[in-house]
Protein chains: 2
Amino acid sequence: MALTERSGSHRIAIKEGTVAVTIRDVARASGVHISTVSRTFSAPHLVNPETRSRVLATAEQLGYRPNRAARALITGRTHNIGLIVADIANPFFPPLIKAAETHARRRDYHVFVADTDEDPIVELDLVQALAKQVDGILLCSPRMSDDQIEQVRREVPLVVINRMITGLPAVVMDVGHGAREAVRHLLDLGHRHLVYLAGPRGSWTNREIRRAAGATTRAAGAELTVLGPNQPVEETGAAAAEAVRRTCATAVLAYNDLMAIGLLQALQDRGVDVPGQVSVVGIDDIAYSGLVRPRLTTVANPTAAAGRAAVDMLLQQGDDGATGQVTLRTDLIIRNSTGPGPYAPAVALNAEVAATVKE
Amino acid sequence: MALTERSGSHRIAIKEGTVAVTIRDVARASGVHISTVSRTFSAPHLVNPETRSRVLATAEQLGYRPNRAARALITGRTHNIGLIVADIANPFFPPLIKAAETHARRRDYHVFVADTDEDPIVELDLVQALAKQVDGILLCSPRMSDDQIEQVRREVPLVVINRMITGLPAVVMDVGHGAREAVRHLLDLGHRHLVYLAGPRGSWTNREIRRAAGATTRAAGAELTVLGPNQPVEETGAAAAEAVRRTCATAVLAYNDLMAIGLLQALQDRGVDVPGQVSVVGIDDIAYSGLVRPRLTTVANPTAAAGRAAVDMLLQQGDDGATGQVTLRTDLIIRNSTGPGPYAPAVALNAEVAATVKE
DNA sequence: CTCCATTCGGCAAACGTTTGCAACAGATTA
DNA sequence: TAATCTGTTGCAAACGTTTGCCGAATGGAG
């Protein structure tokens, strides 16, 4: 460990060639007390403009950067946010992460991202580990039980994304709305037997979709078969092709685009025409849903907006104890993976029926 | 701000209902000095097993968690790693991030992920901001100049991924090798006029591919047209379809799968058969390259391995000053987006030609 | 019984900040 | 002229740890 002589005092060069320059160095070099330097950065209005600019100049020249650990120690705020997701590699999350990160940075916060691999135990571990080094945690589509979340909540400020827990601040996408729209779209096209290709157990979103789809089909006197639960990846979507065919359903709503795409390709591979024989609808509108052929009809989730809203809620939480719950709108995007079903009305009628159902 | 009476001293409840329990509380509760508690956690062999278990028990019971900021302040190590990528939403990165994160966690490190939006200025900003709160930074496919990286390097330990800078620890994927294989594959198939659909300026990878592709085509007496530079996203791939057609080339190597997929779909949309009329090769082997139809022939990059290797290098860097450079192998994966070109040899000849070229 | 080695645990300084308090100057008011 | 106020700065305590140093206790050897 190299020792470096500097300004008459010994300093440890933690990283070779790098000497940490502190507030004290700046103070000495500009002939003021350290508290003045501190204030120059954290409460500029309290220091004489002249002094301030002098301090800033020497700080700049010396290459001073405030030590956030020290600051955190005394203020109790780290200016870090934890963001926990089930799977970074799932294309649903990156836009959310990106938005949250950019938004946080604009408020001088940094984001720690952690990946739970869809495992509730890892999830709990991560929250605990992160709790002390962040000012709050964004819990995305958690797989933990409500109880566990309640418990964790006592250790660290929390905002939950895509799960509704009473008394807990949350940002949810109203996926029920999107699912209803999707099912109505399929019914309007003349499909009377649908499949819901379910997502992972423990997912609030999954329950919401299932409930919405069930209610809407039932109300229309149509049939809904639920296949699942499944891991929300393409493989399971592809693997479900067989089962889907066996149900004789003509339309499928999948828990997410990944599964929808997997299913779509598997169906095509075994010679099933999409949307000629089977219509497929996804959820999320990930970047690839517009790239596959046929382009995927899907429910667009405002993930970026959700990320931003969650960051805002978390940062506000410090000020007052108000725990809001924000619901974001989701919308059906009709592309080419859905087409007329066996009971398709005449084109002229189509609009009329749609109008009626929507009222 | 709520004040809470506790053990006769005043404590600030930073987060309502949450009182931070410190080493001091544990010490008091278990009747030992704080240093003993500290040692129980950071140097267990120095404390009597009996005392240790008693301390651990009360710590557990009180819900004590070490304050990493305080620890960082004195040890100079934060146990955090910064990971800077150009674009989280680019599916090339998530597997790398995920691997790095998991690997780091196993060594009791956390990862901060930041996204530069492909902007070298943001990149520099981020490195500087992160420098003080992490023990080192993983710089993924940087877009900064070598000089800037050299400068930053003096502020914080660095490992660069996908860029070779002399004297700087780096993990690179030998994309030149993959590109050569890809080009040979196309030549073997009888293509004599290729296009390289280039990536972003400032990218080391881009230069490597271009150089490798150029050298290989030239050696075979074939022609290579370079189109670019381009932002590495599908849109630019799709937008390039027109230009590709104009070149009359029969095979395209793209900077990455995203662009390859964009191009592939755009070609198909305008009635060009892939691989019948044009062969397309991507690079990266992102999850979707196997999902599009035709499945994409591509160069597989060991991104997860790269992430792990980079973490290892960074953490070792602390021990000695050794700066290694690791090169990871890339491999061509032949799928369905490539087919015979206008000068295709007879099938029997094919293997022979391949053998010759490879010698 | 004395001495020494060993093991354990306490003491206190240090890490780099922030912040309440007090001091001081100069300006304003009574 | 004295009193008050305002703006600027210094002083020192705190934040929660780690760690070098030293003393106490213990046990074994002589």
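So you know, we letter chains A, B, ... as the sequences are listed, proteins then strands, and number each from 1. All heavy atoms count here, side chains included; hydrogens, waters and symmetry mates do not.
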Quick check: closest heavy atoms across [X] and [Y], and the distance to 0.1 Å?
X: A:D115; Y: A:A86; result: OD1-O, 3.3 Å
X: A:A104; Y: A:I81; result: CB-CD1, 4.2 Å
X: A:I137; Y: A:L314; result: N-CD2, 3.8 Å

Judged by nearest nucleotide, the residue sitting upstream toward the 5' end of DNA chain C, A:A70 or B:T36, is B:T36
Using whole Å, what does the distance between atom [atom2] of nucleotide [N] and atom [atom1] of [X] come to?
X: A:R24; N: C:dA14; atom1: CZ; atom2: P; result: 10 Å
X: A:R77; N: C:dT19; atom1: CZ; atom2: P; result: 12 Å
X: A:R68; N: D:dG16; atom1: CZ; atom2: C1'; result: 19 Å
X: A:I23; N: D:dC15; atom1: CD1; atom2: P; result: 18 Å
X: A:Y64; N: C:dG16; atom1: OH; atom2: P; result: 10 Å
X: B:R65; N: D:dT17; atom1: CZ; atom2: C1'; result: 17 Å
X: B:R71; N: D:dC15; atom1: CZ; atom2: P; result: 19 Å
X: A:I34; N: C:dG16; atom1: CD1; atom2: P; result: 11 Å

Looking only at side-chain N and O atoms, does B:S38 come under 4.0 Å of OP1 or OP2 in D:dT19? no
N or O in side chain of A:H33 less than 4.0 angstrom from D:dC11 OP1/OP2: yes
From [atom1] ([X]) to [atom2] ([Y]), nearest 0.5 Å:
X: B:H79; Y: B:D135; atom1: NE2; atom2: CG; result: 6.5 Å
X: A:D146; Y: A:W204; atom1: CG; atom2: CH2; result: 11.5 Å
X: B:R77; Y: B:R71; atom1: CZ; atom2: CZ; result: 13.0 Å

Is there side-chain contact between [X] and [Y], with heavy atoms separated by less than 4.5 Å?
X: A:E155; Y: B:R65; result: yes
X: A:V113; Y: B:I97; result: no
X: A:V127; Y: A:I149; result: no

Which angle, rounded to 10°, do you find between the first-five-pair axis and the last-five-pair axis of the helix from C:dC1-D:dG30 to C:dA30-D:dT1? 50°
Please determine if A:R153 and A:E150 form a salt bridge, counting it only when a charged side-chain N lies under 4.0 Å from a carboxylate O. yes
Do B:R105 and B:E101 meet the salt-bridge criterion of a basic N to acidic O distance under 4.0 Å? yes
Side chain of B:H103, backbone of B:D312: donor and acceptor closer than 3.5 Å? no
Give the residues of residues 42-50 of chain B touching DNA chain C, defined as any heavy atom closer than 4.0 Å, sorted by residue number. B:V47, B:N48
Please produce a list of atom pairs where a protein N or O lies less than 3.5 Å from an N or O of nucleotides 21-23 of chain D.
none

Taking for each residue the nucleotide of DNA chain D with the nearest heavy atom, is it A:R52 or B:F41 whose nucleotide lies nearer the 5' end? A:R52
When all nucleic acid strands are considered with a 4.0 Å heavy-atom cut-off, which category describes A:S35: base, sugar-phosphate, or nothing? base
